[in-house]
Structure formats: C-alpha cells, structure tokens
Amino acid sequence: MDYNFREIEQKWQTYWAENHTYQAKEDPSRPKFYVLDMFPYPSGAGLHVGHPLGYIASDIYSRYKRLKGFNVLHPMGYDSFGLPAEQYAIQTGQHPEVTTNQNIARYRQQLDRIGFSYDWNREVRTCDPGYYKWTQWAFIKMFESYYDTAKAKACPVADLVAAFEANGTEGITAACEQTLNFTAEQWKAYSEQEKSKILMNYRIAYQGETSVNWCPKLGTVLANDEVKDGLSVRGGYPVEQKKMTQWQLRVSAYAERLLTGLDTVDWTDSLKEMQRNWIGRSYGTEVNFKCVNGDFEKDVTIFTTRVDTIFGVTFMVLAPESDLVAELTSPEQKAEVEEYLAYVKKKTERERIAETKTVTGVFSGSYGINPLTGEKVPVWISEYVLAGYGTGAIMAVPAHDSRDYAFAKKFNLPIIPIIEGCDVSEQSFDAKEGKMCNSGFLNGMEVKEAIEAAKDYAEANGLGRRKTNYRLRDAIFSRQRYWGEPFPIYYKDGIPTPLPMEALPLTLPEISEFKPTETGEPPLARAKDWTYNGYPLETSTMPGFAGSSAYYLRYMDPHNDSALVDKDVDGYWKNVDLYIGGTEHATGHLIYSRFWNKFLYDLGYVCEEEPFQKLINQGMIQGRSNFVYRIVGTNKFVSCGLKDQYETQEIHVDINIVRNDRLDTEAFKAWRPEFNNAEFVLENGEYICGWAVEKMSKSMFNVVNPDVICDTYGADTLRLYEMFLGPIEQSKPWDTKGIDGVNRFLKKLWRLFYDRENYLVTDEKATPEELKTLHKLIGKEQADIEAFSYNTTISAFMIAVNELTELKCSKKEILEPVVVLLSPFAPHVAEELWHVLGNETSVTDAKFPEYVEAYTVENSCTYAVSFNGKTRFTVDLSKSMGKDEVEAHVRGMEQTAKYVDGKTIVKVIVVPGKIVNIVVK
RNA sequence: GCCCGAGUGGUGAAAUGGUAGACACGAAGGACUCAAAAUCCUUUGCCCCUUAAAGGCGUGCCGGUUCGAGUCCGGCCUCGGGCACCA
C-alpha cells in the first residue's frame, strides 16, 4: 500500500471539521495557552507560499502545546477593511463587501487545504458590524477619557469636568496639546461649544488640527507608517503635507508606558529596539531665551539634550510652522521671511526628504538673549527645525552639532568650540566626551558631568527645567474613505457627540459611488440621510489599524453581544502567549495594539497590560524568478551556461514550467503564442534557466500558490518543507529544490507501516537500540520546539526514520509515539497512522510521549579524574573502549587520533576544569 | 549618518567554547528493470596523489583571550533590515 496523501488529507480534514476537533472551550481545570497569527488582509491575489510560513509555525506550536496538556486557543480571522477593496470598487463599481467576501472565501479554501488547527467558530472579520460595534465602542470610551499623568492612567472626562467646575485648571494633571489656564467661574461661563473645544484638548480620542500626510490620488489622509519616502505604502502615490481637522488618538500620552512595558515582554531585541527608536525618548532641558524684536519681548522656550553646550550658542532657529515666527519677524525682514515661508510650504514631503542635504533658512530680524551669558544671538528660521518636536525652537551650537554646523557655515555664523582640543575647522564635534572650555562655571568638567551640572544650574536659577521628550506622535485616526468603520459620532449644533450604546453598531450606509464627492468630501457624504436624530453624522471613517488593534480580545468571546469580552473569559485566556507575524508591523499595529490594550486595561476591561507576551517574527519568503535567454533578434533560446557566447536578452519565465531550473521546453512553447515555434540551444540535453531572488509578484511570474504544492506533494509535505527550509525568523527565497527530500521522508516513514501490500506493525517488544532512537527523538523535539528550531527537529525525524528503517523496526511500541511526535508537523499522515495503529480518537487527544533520558545515556558513565586540582570527564563507553583504556589515555594526556581496536579511531580531548569527549568515528 | 542583524561546501543549512559541515538537495558511480519511474547502495569541503594510506588547508579579513574559537573580545570589509534633519 502506498502513501496516498490525497486520500488521507481529504479524509482527515473532513473528519476534523465534522467532529469540531479544534474547538476551544474555557476550562479552568486546564492551563490555557493562546497562540495567535497576525490575521491577513484578504487580497484579491490569494495566498502565496509566503503567507502560511508563520501560520504553519504557530500551528505546530499549538498542536505541540495541546499534546502537552494545554487548553489551546488558536483562532483565525480577517483584517477585512482596507484600501485595495475600495480602490477596486471605485474602478469597477463592485461593492467592497462583495469582493471582500469572495476573497475571504478563497483564503479560507486555501487555508483549509493546509490542515490548520484553527477554531473557526471564533472567526472574526473587522468589517462585520457585530465586530466593529466594539471598535466603535472603544472609540467612544477613548472619547470619554483623558490621560491623567499623575495617576499614569486613563480616567473619565466626567472627572475632569467636575474638577474644572470646582477649581478650574488648578491642580489638573492631564495629558494635553496646550496647557490651558482658567478658573471655575470662567469654565462655567463658557458656552457648550467652547467647553467642547476645550475638552478636545484632553480627550484620548480627540479632534484637532494637524499637519497630515495627504494623498491626493487616494483622496485620504495616511498615518506616518503608511507613508514611505514620501509615497503611500499602498499604491505608491505622492503624499503631501496639509493642515486638516482630524480625529486623533493620544498615543503620545502612553509613550512612557509603551517604553517600559517592553521590558516585560519576550520579544526579539531588534523589534524592541525598533519600538524604542520609534517612541524616541530623550532626556533634556527646556530653557527660556528672552527674544527681542524691536520693542517687543517674548520668552521663547527651547528644548535641548545638551544644556552643557549653552556657552557655545551662536544663534537660535525656529521651525517655519512655529507660531513664534510671526511675532519675531522684524518689519525689515518681513518680505524675506514671507518669501521663505511660501517656499517651504510649496515643497512636498518627498522633496523635503530628497533635499535634506541642502541648507535653507532666513533671518527673522530678532535676537535672543542667552540666559547664562546674557549674550545676544540672532534668531533664524529654517525647515531643519521641526514644529512637531520639542518646542519648535532650538538653540544652535554649531561647534557640536552637525546640522547647526552646516547652517552656520552656509550663513557665515560664528562657531565657538567649547570642548578642549577639538577641531571644528572642517566639521562639528558631536561626541559626548572631553573636557569643557570657554564655558564659565563648567570649564574643566567632563561632558557627562557638565550635562548634569548645567541641568542643575538651570533649574536652580529658574532658567529652565528638566524635560523628557518623545518622538512618538499622536495617531491620526480619520480617513476620508468608505470601506472602514464609521465614527459613532454626530454633530449636535456643531458639537461632536458620541452615539448612545444602543445605537451601535452604526453600520455603513449604501452609497451610489465610492469616490469622494465633487466638493472633496468623503464618500460617506454621498449617503442619503446620513444623520442621527436629524443631526449630521461624521463622514470620515476609521483607519485600517482600528479594527486590528483589539481583535485578539474578541477571539476570546467572539459572539458576545453585550461586551467586547466577558470579564471571566478574559480572566481565563488573559493575553496572547505566542504571537507570530512579520516585522513590518513593528511600528504600526504592534504599537497601536499595545496602546489600545493599555487603555482598556486602565478602564478595567482587560486583566493584562501587555497583549502579546512572546512574539516571533517570521521571515519573508521571497520569490525565486527564472529566466530564459533569447538570442537577440531570433526566437532561439540559449541555456544559461552557454549564454555568454551569444548576445542575449533575459526574459522572465513562468516558474510553473520550470523544475529544478530545468525548463520544460514543450510547456514553454505552449505558454505564450509568440514562443510556440521557439528553438533551443541545450546543454547536456537540457535547458537550464537562470535565476534571481526577487519579490514574489505576479509580474515576475514567480508566485507559488500553496494549492499547487498541495496537489503535487500534499499539505504535510508543504508544512514540513516550509519549516525545513531554515530558521523561521530568516527571510529566504522560495525554492522547491529539496522538497523531494521531505516527501521521501514521509514515504519512508510510511514504509515502516506498510510494504507493497502488507501491514507490517507488530506488538513485539522494542530493543534497547530502538528505544534509544525513539528517546533521542523525543528529547530533541521537546528542546527544539520550545526554541522554535523546527528545521532541526525535522532533521531529527529523518535521522530517526533512517535508523528505524535500518533496524527494520515496525514495532507498535516505537511507531506509536513517533506518530504522536510527528502530528504537529504532518497532522494528516499522523492522524491516519494513529488510526491504523488501532486508536479510535484523534491523535490531537494523545499525550506527548515521556522522555526517558536513561535510554539515551545508558551506556555512558561519568569519571571524576582530577587534573590540576579539578577535572571532570564524561566518557561515552557505548561503542568504544573500556574503562582501563580510557584512564590510560587520560593519564597519558593523549590528544591525538589513535587506533583502539584496529578499526575505530578515537580522539581524546583533555580539558582541564571541563569535560573530556571520547569520540568515535 | 545613527541603531540592529548576518557572513560556514555547488545549494538550503547544522554545531551548551570541545570531531566544523549533522540533516536534506544537487551531482557522480552502481544495484534492481527489456526500459523508465520508484526504491536501495557507494562517493561527495578544498589541495597534494594513479589509487589507498598519510598529510596540508579550511567557517568574510586582521589581531587578541584560551590547552582549545564558526562560537567570546577589539578593529576592518561586505550584505540585509530599521530610523533618519527628533535638537
């Protein structure tokens, strides 16, 4: 009987579905384990072999944990709101919901073929109203909360209002855009509109004017992580800066907690580092400089991390967008400044990035007074200072900052070195070491002490205060699109007001067309009667990350209509134990999710502060493209090895008609009409194609559909092969070279059960040698799976099966545990063989075999031989020499190769204080 | 520019500081077969050598620590990833 994967895989997939084998239920008697994949956006192109890489890895771990007795939650769903479906809708008029559902159906089909142990009862879709009800709910909660910096948590806005009514802004410790000051009386006197505006300054979900990434081609605003090099990530269209009123989330309030929380999770250092850089904490000082413009005086606060260099300040710089610019521009400079502002404004983000080397700026006409020296320095305006960071104004120390240096050189401003012995004639000296000079009371100090001394001095003399700044900005939360969650907000006399809970979900209205209106309003403005109780509803929708920020919570309790997740259920599943996904979400989804979770934690809706305990980043699977070489001007194709003898043109060829870089020439002729009379110059009778590693994409004909692999080799082979390819964190090109190896392994295993026509398994007792093979495998699998080293586990399987084949071992005592061990990797064949061995229930319910170390080390003994006072030797006597012989070698300090019994070569390695290995070759 | 990570056969890759190249692919030779597929066996880092034995060289480069370094330390080179006027 042969290994018939088609029949087996079909049979057990049906069995698992019919028996709800993978359904998870809360069960306090068992320890829980939550394994999560980053859910996919169901694109029209379907899955390629890169997608399942992480899913297979997490599935193996889920199945392993189940065998280990854990109650495993392993769900899957779809991140189904998004731009591509909407772009497609604009082009074709097809409703995004229709295409999204089609794509989901296709994804599901493809996923099902691979044999994942998902609990599909818990599937979520972000575009499902039953799901986005809770996205809208969370938004309202954020709208109704502010961040109290003293308590370091989110609190109800109602408390803030009560405090305003009692004492005005006095004693308020709330994260905000601008520090406001008013009394209780003033507060009570404000109109409703004014109050609403003031509260927006504090709410965690708030409306405010910001400079946003506007993509005219897409007609929407994009988040910073949706823009790369001034182009939109989706589509690659130009992006420009535009001031707009937008909904935003006060993520910045959580900067410190997002940073410290990283210490409590088990993520890779590189990923933590990326998040740390993105959050960008820096400890510095705010210093007030009095600035004078004729008779006008103004205190300007600057932020610096190097107050110690304050004696080297030779000018100040304001960001062009800063409000101070207008106040500090002198009448003489007005024309020049306005010209400069106009120039800055018309530059796109792209151009700014491209021209970061060119130095531009203009003198404002004002002067600032150095609070330490009393010296007057000119105030300049330049785009190299950003309005959004610090205070939008800096003190410039050209001797010790490369950007200030470049500016000073360009505009001929003085450069005063303040660190002994540094040379600033060619470039600035940015290092944080050396002795201070030209710096008054700081002279002679090391830079590190000087920084602290200067901070102390500034604080003691009321010139400034220590300040921690973060690079992390608030998240812009509005999108001028159709295919997203509607905001649960209506405008009552212009005041943004949340819908009551009973009105949720606020579902997307039907509209005639999906593009923005002629007047530039978002598509929802086309909806008929888009109102609530006669008041207009918000017309923008939420961004992609809204729905993906709390989906892991919804999986715990996906059908609950009265809460995002029931408290007890959340208390059982807690947080995600293992999360697998790509690094591309490092500064997007993984920041937003952590923020969202912390917010819900503050309000007491979830019990864990960090959502993802352990996180593994699977590498990307790149495409491996194949080429043929056409001799220029002919329809003749030359094999790769001979191409240098001709003038050739490289052409991408569909990898589906290439095997192991050998072209199927007949299929090639049939591939495209222009090739049907193609001729070939072969080497050794074959046409060898060239290859290159590129992105997996349709246009390069290098997309590999997992279905094709399932058809030719089966899902189990696909699963094994993807894991065998190398460590999962590593990016690597897809290459089917080698897939035969894992397929052969499965066939070999099969032949331990069946030869051509007979069932071979017996109930005979296993020999010590057979037990050794088994327990080596158990030990290896246990250690390797915990370390996510799946490729070496599979190697161990191959070794074990080779050994058992050699031993002609078809004993149930050995094969049954082997099948259990294999089930996480190749569940279909394992399930089949498990039943073949006479088991009634699913292999999923089996127990992970117990590892007995004695079987693997029974023939070794440990010597305690002293050498230099302390030396220990572990000697494996299983195959080689006796005790006396070993001791003789040890005493003689033998270190080279030796014959022992005329056949075996033994090498003795003597290690003082360590171990001796006797190695048999 | 700054911050991470990685460099090992023809290929994918293994190696708690202790036999470098496990395992697999590919390749070469052989067995079975009328033949093919499938399967099995042998060889396979490089150099010297007719072969074998024996030897020499080998983990990007240069040094160091160590009885012993692919692994640890210092300095370079190359590649990949992230951030980028963040004061």
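All values below come from the heavy atoms of this structure, side chains included, with hydrogens, waters and symmetry mates left out. Protein chains get the first letters and strands the later ones, always in sequence-line order, with residue 1 at the start of each. Here the structure is a predicted model, which is why all the values come from computation and not from measurement.
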*Asks:* If the P atom of B:C34 is compared with that of B:U42, how far apart are they to the nearest Å?
*Replies:*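 After rounding to an integer number of Å, I get 25 Å for this pair.
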*Asks:* I need the single residue from A:Y754, A:F753, A:W750 that forms a ring pair (Phe, Tyr, Trp, His ring centres under 6.0 Å) with A:Y3. Which is it?
*Replies:*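 With A:Y3 as partner, ring pair (Phe, Tyr, Trp, His ring centres under 6.0 Å) holds for just one option, A:W750.
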*Asks:* Taking any heavy-atom pair under 4.0 Å as a contact, classify A:K780: base, sugar-phosphate, or nothing.
*Replies:*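 The answer is nothing, as A:K780 stays clear of every strand by at least 4.0 Å.
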*Asks:* Between B:A87, B:A13, B:C23, which nucleotide has the shortest distance from any of its atoms to the side chain of A:Q730?
*Replies:*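 Output: B:A13.
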*Asks:* If the P atom of B:G82 is compared with that of B:G29, how far apart are they to the nearest Å?
*Replies:*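 Here B:G82 and B:G29 have their P atoms 46 Å from each other.
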*Asks:* Quick one: label A:N791 by what it contacts on the DNA or RNA (base, sugar-phosphate, nothing), any heavy atom closer than 4.0 Å.
*Replies:*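 Sugar-phosphate contact only - A:N791 comes under 4.0 Å of backbone atoms but never of a base.
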*Asks:* Give one of base, sugar-phosphate or nothing for A:N802, where a contact means two heavy atoms less than 4.0 Å apart.
*Replies:*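 Sugar-phosphate: the residue A:N802, judged by heavy atoms under 4.0 Å, touches backbone atoms but no base.
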*Asks:* Determine the contact category for A:F724: base if any of its heavy atoms lies under 4.0 Å from a base atom, sugar-phosphate if only primed atoms, P, OP1 or OP2 are that close, otherwise nothing.
*Replies:*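 A:F724: base contact, heavy atoms under 4.0 Å.
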*Asks:* Evaluate the side-chain proximity of A:Y405 to A:F429: yes if any heavy-atom separation is below 4.5 Å, no if none is.
*Replies:*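 The answer is no, as the side chains (C-beta and beyond) never meet within the 4.5 Å cut-off.
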*Asks:* Closest nucleotide of RNA chain B for A:S795 versus for A:D269: which of these residues is on the 5' side?
*Replies:*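 Nearer the 5' end of the strand: A:D269.
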*Asks:* Less than 4.5 Å apart, any side-chain heavy atom of A:L259 and any of A:R276?
*Replies:*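 Contact flag for A:L259/A:R276 side chains = yes.
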*Asks:* Name the closest nucleotide to the A:P727 side chain, picking from B:C23, B:A13, B:A87.
*Replies:*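 Taking heavy atoms from C-beta onward, the closest nucleotide is B:A13.
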*Asks:* Which dot-bracket string fits RNA chain B when only Watson-Crick or G-U wobble pairs with both atom distances under 3.5 Å count, crossing pairs get [ ], and | stands for a partner on a different strand?
*Replies:* (((((((..(((.....[....)))((((((.......))))))(((.......)))..(((((..]....))))))))))))....
*Asks:* Under 4.0 Å from OP1 or OP2 of B:C25: is there any side-chain N or O of A:R744 that close?
*Replies:*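 Looking at the OP1 and OP2 atoms of B:C25, one of them is under 4.0 Å from a side-chain N or O of A:R744.
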*Asks:* Taking the P atom of each, how far is B:G80 from B:U8, in whole Å?
*Replies:*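 B:G80 and B:U8 have their P atoms separated by 14 Å.
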*Asks:* Can you pull out the residues from residues 270-283 of chain A that lie within a 4.0 Å heavy-atom distance of RNA chain B?
*Replies:*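 Contacting residues: A:S270, A:E273, A:M274, A:S282.
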*Asks:* Closest approach to the side chain of A:T587, judged atom by atom: which nucleotide of B:C83, B:A87, B:C40 is it?
*Replies:*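 Shortest atom-to-atom distance from the side chain points to B:C83.
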